[in-house]
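Below, chain A is the first sequence line, B the second, and so on; all start at residue 1. Worth saying up front: this structure is predicted, and the values here are computed from it rather than measured.
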Amino acid sequence: MPELPEVEVVRSGLEPAVTGARVAGVEVLEPRSLRRHAHGADDFAARLEGAVLERPERRGKFLWVPLAASGTALLVHLGMSGQVLVREPGVDDRQTRVRIDLEHPEHGPLRLNFADQRIFGWMALDPLAPTGLPDERVPALVAHIARDPLDPHFDDHDFITRIRARSTTVKRALLDQTMVSGIGNIYADEALWAARIHFDQPTRTLSAVKARQLIAEVRRVLTRALAEGGTSFDAQYVNVNGASGYFSHSLNAYGQQGRPCARCGRPIVRVKFMNRGAHYCASCQRIRGGSAA
DNA sequence: AAGGCTGCCTGCTTGC
DNA sequence: TGCAAGCAGGCAGCCT
């Protein structure tokens, strides 16, 4: 379940390998991995071959590599199980869906393998469009995605205002990538635990102080997970070298059902919510009625 | 506007 | 032992 920290680990790992490299060859082994590319697998390969790659960028869980002098980017979403692996030429990985061979001016030939067990992830070539900020462009398929909490232009005050104005509940809002991006099921549950907020608390009843605390805890958990190299439970998430992260050892709520809450000792419980699991401490995280003041 | 639900997917785990 | 159902869930799109 790659979320912001895992995608950022991939982006930063990719940066030295791809920046300035030329695409020497593209092989699409699984056309479904290109379902969001507008014109099919052959067009994808033909247009990507020969392109020179620039520094990879990220917003939320979306990762893209601009192609020099083209107004286009190679856009990647890892979905549930996607990986981008930097390998020696000719090396293959299990469940490789797209192979991209690179020629780097300093590192020589390299291979990128886009591997994805469940095929929820995808790649596409997508036009870059201006955001309104000087010198900032994002792919068209990312235009509707909100800034993420590690973006220097993320506006906490604006987030607090918007979340309190929405008639929804708090976990639903955290998972809504048009409200705030980069958060998935793991870090939503972790941030809610840290802020002592129940997942089903109506957002209109969140005080401004509580909403501020929530976004601060979101940022803290994302930052800590990034520092630990992301969360891995198995081979489904690895960095560009195939190594796992360590944050799974730091989880307080997600996957901790039956274990004692690190604050109060009562067991963490897991319930079904939005067709996924919600993990929380029923003692520390209660729905508070009352004023929104 | 909000949200419920489905489809997209495979591999591992659980249950009969 | 073997098979089938259940489970993991990000996102788009449809419908109410």
Side-chain angles (χ1 to χ4, degrees), chain A residues 1-8 10 28-38 41 58-64 75-84 93-98 113-124 126 138-146 148 161-192 199-206 218 222 225 230-238 244 247-248 251 253-258 270-280:
Chain A
M1 290 132 269
E3 305 179 27
L4 186 154
E6 294 76 31
V7 179
E8 176 56 25
V10 172
V28 178
L29 289 77
E30 176 49 81
R32 289 174 296 177
S33 295
L34 296 186
R35 64 190 178 280
R36 300 210 60 194
H37 177 75
R58 183 190 55 72
R59 172 174 289 186
K61 307 174 197 175
F62 289 77
L63 167 67
W64 66 92
L75 178 60
V76 186
H77 197 291
L78 299 176
M80 291 294 299
S81 56
Q83 306 172 347
V84 182
D93 285 286
R94 215 164 111 78
Q95 295 151 348
T96 296
R97 310 302 188 185
V98 181
N113 285 329
F114 177 66
D116 187 13
Q117 177 198 106
R118 276 170 256 190
I119 321 184
F120 275 37
W122 46 269
M123 285 184 155
D126 197 37
V138 301
L141 291 169
V142 180
H144 65 296
I145 299 297
D148 62 64
T161 305
R162 283 186 297 114
I163 194 172
R164 296 179 70 220
R166 278 281 278 280
S167 56
T168 185
T169 58
V170 65
K171 183 169 178 181
R172 204 178 285 283
L174 287 180
L175 293 175
D176 179 350
Q177 305 295 302
T178 67
M179 171 75 62
V180 51
S181 70
I183 305 165
N185 206 36
I186 298 174
Y187 298 119
D189 283 356
E190 291 301 308
L192 289 168
F199 64 91
D200 218 11
Q201 174 91 31
T203 52
R204 285 189 193 282
T205 69
L206 275 183
V218 165
L222 294 177
T231 301
S232 317
F233 300 104
D234 50 36
Q236 292 318 319
Y237 165 71
V238 294
S244 296
F247 194 72
S248 51
L251 295 172
Y254 183 87
Q256 305 304 301
Q257 59 271 26
R270 181 185 188 280
V271 296
K272 268 282 193 191
F273 177 72
M274 290 176 71
N275 281 323
R276 42 168 74 69
H279 311 74
Y280 70 109

Check your understanding: Among all residues two or more places apart in sequence or in another chain, which pass the side-chain hydrogen bond (donor to acceptor under 3.5 Å, both in side chains) test with A:Gln257?
Key -> none
Check your understanding: Excluding sequence neighbours, so at least two apart, what forms salt bridge (Lys or Arg N to Asp or Glu O under 4.0 Å) with A:Arg35?
Key -> none
Practice item. Measure the CH2-CZ distance between A:Trp122 and A:Arg36 for me, rounded to the nearest 0.5 Å. Key: 4.5 Å
Check your understanding: To the nearest Å, how far apart are A:Met274 CE and B:dC5 C1'?
Key -> 12 Å
Please tabulate, for side-chain N and O atoms in residues 271-280 of chain A, each donor-acceptor pair with protein atoms closer than 3.5 Å (sequence neighbours left out).
| residue | atom | partner | partner atom | Å |
| --- | --- | --- | --- | --- |
| A:Arg276 | NH1 | A:Met274 | O | 3.0 |
| A:His279 | ND1 | A:Asp189 | OD2 | 2.8 |
| A:His279 | NE2 | A:Gly255 | N | 3.4 |

Practice item. State which residues pass side chain to side chain contact (heavy atoms under 4.5 Å, CB included) with A:Ala143; sequence neighbours excluded, sorted by chain then number. Key: none
Review point. When all nucleic acid strands are considered with a 4.0 Å heavy-atom cut-off, which category describes A:Gly121: base, sugar-phosphate, or nothing?
Key: nothing
Exercise for review: Could you check which of C:dA8, B:dA2, B:dC12 has an atom nearest any side-chain atom of A:Arg94?
Suggested key: B:dC12
Revision key, fill the gap. Across all chains, not counting sequence neighbours, the side chain to side chain contact (heavy atoms under 4.5 Å, CB included) partners of A:Ala41 are A:Val28, A:Leu34
Point to revise | Residues in salt bridge (Lys or Arg N to Asp or Glu O under 4.0 Å) contact with A:Arg162, at least two apart in sequence or another chain | key: A:Asp158
Exercise for review: For the helix from B:dA2-C:dT16 to B:dC16-C:dG2, figure out the bend between the end axes, five pairs an end, and round to 10 degrees.
Suggested key: 60°
Review point. What residues, two or more places apart in sequence or in another chain, satisfy side-chain hydrogen bond (donor to acceptor under 3.5 Å, both in side chains) together with A:Gln256?
Key: A:Arg259
Revision key, fill the gap. Here the distance between atom C1' of C:dG9 and atom CZ of A:Arg270, to the nearest Å, is 11 Å
Exercise for review: Can you check each nucleotide of nucleotides 11-16 of chain C against protein heavy atoms at under 4.0 Å and return B for base, S for sugar-phosphate only, - for none, in 5' to 3' order?
Suggested key: SS----
Sub-3.5 Å pairs of nitrogen or oxygen atoms, protein against nucleotides 7-10 of chain B:
| residue | atom | partner | partner atom | Å |
| --- | --- | --- | --- | --- |
| B:dC9 | O4' | A:Arg118 | O | 3.4 |
| B:dT10 | OP1 | A:Arg32 | NH2 | 3.3 |
| B:dT10 | O4' | A:Gln117 | O | 3.4 |

Exercise for review: Please list, chain by chain and in numerical order, all residues satisfying side chain to side chain contact (heavy atoms under 4.5 Å, CB included) with A:Thr168, sequence neighbours excluded.
Suggested key: A:Arg166, A:Arg172, A:Ala173, A:Thr203
Revision key, fill the gap. A:His77 meets the side-chain hydrogen bond (donor to acceptor under 3.5 Å, both in side chains) criterion, sequence neighbours left out, with none
Practice item. Specify the residue among A:Ala165 and A:Asn275 whose closest nucleotide of DNA chain B lies further upstream toward the 5′ end. Key: A:Ala165
Point to revise | Residues A:Phe62, A:Ile145; criterion side-chain contact (heavy atoms from CB on, under 4.5 Å); working and verdict | key: CA-CA 9 Å; A:Phe62 289 77; A:Ile145 299 297; 3.6 Å; yes
